[in-house]
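Here the structure is laid out as structure tokens; the discussion comes afterwards.
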Amino acid sequence: MPTGQRTNEPPDETTEDLLAGMTEAQAKAVRHTEGALLVLAGPGSGKTRVITRRIAFLVYCGIPPWQILALTFTNKAAKEMRERVLHILGEQAAARGLTVTTFHALCARLLRKYATIAGLSGLDANFVIYDTDDQTTLIKKALEELNLSTSNWQPRSVLGRISNAKNELVDAETFASMADDFNGRMLAKIYAAYQKGLRAANAVDFDDLLVLTAKMLKTNAEVREDCRRRWRYLMIDEYQDTNKAQFVIAALLAGDKDPNICVVGDPDQSIYGWRGADIANILDFEKQYPKAVVIALGENFRSTKHIIGAADHLIRNNTLRKHKDLFTSNAMGEKIEVTICRDEHHEADLVVDWLKIRKGEALRADEAPAWKDMAVFYRTNALSRVVEDALRTEGIPYIIARGTTFYQREEVKRALAYLRVVANAADDVSLGRIINMPARGIGDTTLGKIEAWAGEHNLRLFEALGRTSAGHGVEIGPKAATAIAKFVQMVDGWRGVAPPTPKDHLTLEGAEEIRGSLASLVERVVAESGLEQMYRKGRTETDEERIENLAELVSSAAEFESNYSPESDPVVDVAMAATMPAVGDDRSAGEAAIGTLGLLRAYLERVSLVSDSDAIDPTQGAVTLMTLHAAKGLEFAVVAMIGLEERILPHSRVQENPKELEEERRLCFVGITRAMDRLMMTSSRYRTVRGLTERAIASRFIDELPREHVSISDQSEWNEAGWDGDRSDRPAAARRGGGGGSDSTSRGSVTDSRGQRLSVGVRVRHPQFGIGEVVSVNGGVDARAQVKFREVGIKTLVLQYARLELISG
DNA sequence: CCAGTCGCTATTTTT
DNA sequence: TAGCGACTGG
């Protein structure tokens, strides 16, 4: 046990409250505060509950909150955890200094804080985080320098290789020493050039955040000790998704003298292997910390027996796993409904119909689900479009979990590029993006000249621009020279320093740096850069939208500013935090601590680290659409999973490799176990990918689901001979024929796709459900009938697809 | 210097 | 299909 606080048991009544309604295993995990603890938490086993209560328990035990560090993978998870802890503790002051954040955000903050003393190969505290686009630009530059063509060395794949290396903590030198063929040696050169480019731009990529932090903690005892002194209780969520760099960071933060480290995860939900996540981290935890206590939470409180049974059966097909029993005492529920569809449009229609029916049906809690309780999952983003269209036509509200889209918009990206240049004068990539946007007479020719000159003189582009405008740089025409001078002056104006000095570091006491709020700076940049003007000139709808988005960016900055609390900023020390006013007391607290430029950097950092799942807002009354990856950690009463086909789930890139196949199966497992009450899974006979319609084969995962928990219904009208009927061989054409859904709104009778008239009382035969009697009909574009079947009871059928056969009438 | 068009090609998941 | 790069005409 570390020196310092002895743990005192909290008063009994408090403890009782905290542990109320918990299982023995859950309570044990909450009470186990000292030493290493591994919680193997199956889906729906109350994991988040355990973590949040454990944090509260620690605080009740007298541990100062600022000594507790909880790490997650997404901002959303961190936010939720923080809120839930605050809720339990009742007041914010009780949680003062508690750190709940993501790995990446923590690393960014630590790097900023210790940049100076750790000497991060030239990186200073003002660094920016490069996104994928920036990385691509940079890698292209590197390739150009090395005279390599982007067709032989595809930026995407090169970046992937570099990223893999970084995830394994292999730096450029090591990579070079390991290279044993031409390819490897070239890659090593590209890697080195890319790193050089990053450092020159005072930039890091996502992987660097982890790599540099791991390196810093490993090599710099002062930093390491500083961190260990502060954080004595470490908790890590989704531990199965940690990669080597994260593993090392965790181990170094924890220290090796019986650390208080609690990791929570589920090997069966590891779905980030492609990002370097290593299940061995969680599987070998007990080897790493021999004294570790292991607690397994297997009981599922979320889903019905059918869902859990199917999920359990499916995941047993994985061989590389540690088996853990999944069970629930929840109701049996309904079987999982697997539906075979004709094509993606048919699939989308059936899913939407299914959701609509669920909307009007009571679930186990006796309440009909709202749209917000429903979700549609898919393997790849491209699959979402058709479902979106179908939902839109039906007027069903939906949201797509794609948090990054806002910041990816052209106009927002441009504004952010301006801000990044303001925040970091060395960022040539961003500067290149905006220097002539809007057009201000600094074209490719001029820029090329200055870039070359800057290269020769070992200067950053902005510096070279400054000298050129002052007449000490390149020979250029007077027109261009004026344009450049104006530009430089503008940017310097925003920085509030002219000429730029290297000394505008993040300072805690830099009160002289205060000059207006972040939001007003953003507003100024949007207006003075000419971006706003540029889009105002256009009169199209998209232009108007762009103006609105720029306004939205300003409000997002304002919001960030008002929520910013130096207390929750790991950069700000404990001592500092103690003297800080309480959160929300003083809006200028953050600004006073780090200055407008510091705030700007913090804002840009947040923007860089938003993730798709951060966009999920359960308070919106809408169906949520998201990838299976984004679905992890969430739950919905009603779930539809689409695209259960070979080459999609499992993905085509994966088919041969058994290890990756198992990850695809885990992905499927994650999807299934998100559903509380009802689950539909669809597979299409044909699917159009990139404009090409191709035959698809139902996913092997469907075959792996046990029949006792699953009902399969083939709605594809497809048999061994091909497509039924005489319409066409092409499913798309068949669909466009209208499918025959009658538009008649006649009461009591309706015409189906085969021209049969159906009315109440008529007897029909259905290929799956057998013989039944029509109990009601609904006209309209998607005419449907409720049919009471002998075997299966009342079903609502969409006539367009139902293939009903008239028996009498 | 700029904007628009043509043609080619790549296909996952995301902090 | 879409997104990007190269090319061309104003």
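Just so we're on the same page: letters track the sequence lines, and every chain starts at 1.
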Inset, instruction - Determine the interatomic distance between C1' on B/dT12 and the same-named atom on C/dG5; round to the nearest Å. - result: 24 Å
Legend entry - Spacing of A/Gln135 atom CD relative to B/dT14 atom P, expressed in whole Å: 15 Å
Inset, instruction - Starting from P on C/dC4, measure out to CG on A/Asp133 and report it in whole angstrom. - result: 8 Å
Legend entry - Nucleotide B/dT12, atom P - distance to CZ of A/Arg647 in whole Å: 12 Å
Inset, instruction - Could you tell me the separation between the CZ atom of A/Phe377 and the C1' atom of B/dT13, rounded to a whole number of Å? - result: 15 Å
Inset, instruction - Of all the heavy-atom pairs spanning A/Met641 and A/Leu644, show the shortest one and how long it is. - result: O-CD2, 3.8 Å
Legend entry - Integer-rounded Å distance: B/dT12 P and A/Ile271 CD1: 17 Å
Legend entry - A/Asn167 side-chain N/O to B/dT15 phosphate OP1/OP2 under 4.0 Å: no
Legend entry - Stepwise salt bridge (Lys or Arg N to Asp or Glu O under 4.0 Å) test for A/Glu645 and A/Arg687: CA-CA 9 Å; A/Glu645 289 143 43; A/Arg687 186 169 297 274; 2.7 Å; yes
Inset, instruction - May I ask you to say what A/Arg156 touches in the nucleic acid, namely base, sugar-phosphate or nothing, with a heavy-atom cut-off under 4.0 Å? - result: sugar-phosphate
Legend entry - Sidechain N-carboxylate O distance under 4.0 Å for A/Arg109, A/Glu605: yes
Legend entry - Aromatic A/Tyr272 / basic A/Arg275 pairing, under 6.0 angstrom, 45° off normal: yes
Inset, instruction - Specify the separation, in whole Å, of atom CD of A/Glu664 and atom C1' of B/dT13. - result: 8 Å
Legend entry - Along DNA chain B (nearest heavy atom to each residue), the more 5'-positioned of A/Ser608 and A/Glu660: A/Glu660
Inset, instruction - Report yes if a side-chain nitrogen or oxygen of A/Asn381 is closer than 4.0 Å to either non-bridging phosphate oxygen (OP1 or OP2) of B/dT13; otherwise report no. - result: yes
Inset, instruction - Tell me what A/Asp207 touches on the nucleic acid: a base, only sugar-phosphate, or nothing, going by heavy atoms under 4.0 Å. - result: nothing
Inset, instruction - Measure the distance from CD1 on A/Ile400 to C1' on B/dT13 and round it to the nearest whole Å. - result: 16 Å
Legend entry - Selected nucleotide, minimal atom distance to A/Gln154 side chain, candidates B/dA10, B/dC2, B/dT13: B/dA10
Inset, instruction - Run the ring-centre check on A/His346 versus A/Tyr686 and record whether the distance is less than 6.0 Å. - result: no
Legend entry - Residue A/Ala439, side-chain heavy atoms: nucleotide from B/dC2, B/dT14, B/dT15 that is nearest: B/dC2
Legend entry - Nucleotide nearest A/Lys140 when distance is taken to its side chain, options C/dG5, B/dT13, B/dC1: C/dG5
Inset, instruction - Determine the contact category for A/Arg385: base if any of its heavy atoms lies under 4.0 Å from a base atom, sugar-phosphate if only primed atoms, P, OP1 or OP2 are that close, otherwise nothing. - result: sugar-phosphate
Inset, instruction - Indicate whether A/Tyr272 forms a stack on B/dT13; treat it as stacked only if centroid distance is below 5.5 angstrom and interplanar angle below 30 degrees. - result: no
Inset, instruction - Just call it for A/Phe73: base, sugar-phosphate, or nothing, with non-hydrogen atoms closer than 4.0 Å on any strand. - result: sugar-phosphate
Inset, instruction - Output yes when at least one side-chain N/O atom of A/Thr627 is less than 4.0 Å from OP1 or OP2 of B/dT12, else no. - result: no
Legend entry - Full working for salt bridge (Lys or Arg N to Asp or Glu O under 4.0 Å) between A/Arg666 and A/Glu663: CA-CA 5 Å; A/Arg666 290 195 291 269; A/Glu663 179 151 315; 3.4 Å; yes
Legend entry - Between P of B/dT13 and CD of A/Glu238, the distance in whole Å: 20 Å
Legend entry - Touch class at under 4.0 angstrom, heavy-atom based, for A/Thr446 against every strand present: sugar-phosphate
Legend entry - Under-4.0 Å side-chain N/O to phosphate OP1/OP2 contact, A/Asn243 with B/dT15: no
Inset, instruction - Compare the ring of A/His651 with the six-membered ring in the base of B/dT13 and state whether they stack (centres under 5.5 Å, planes under 30°). - result: no
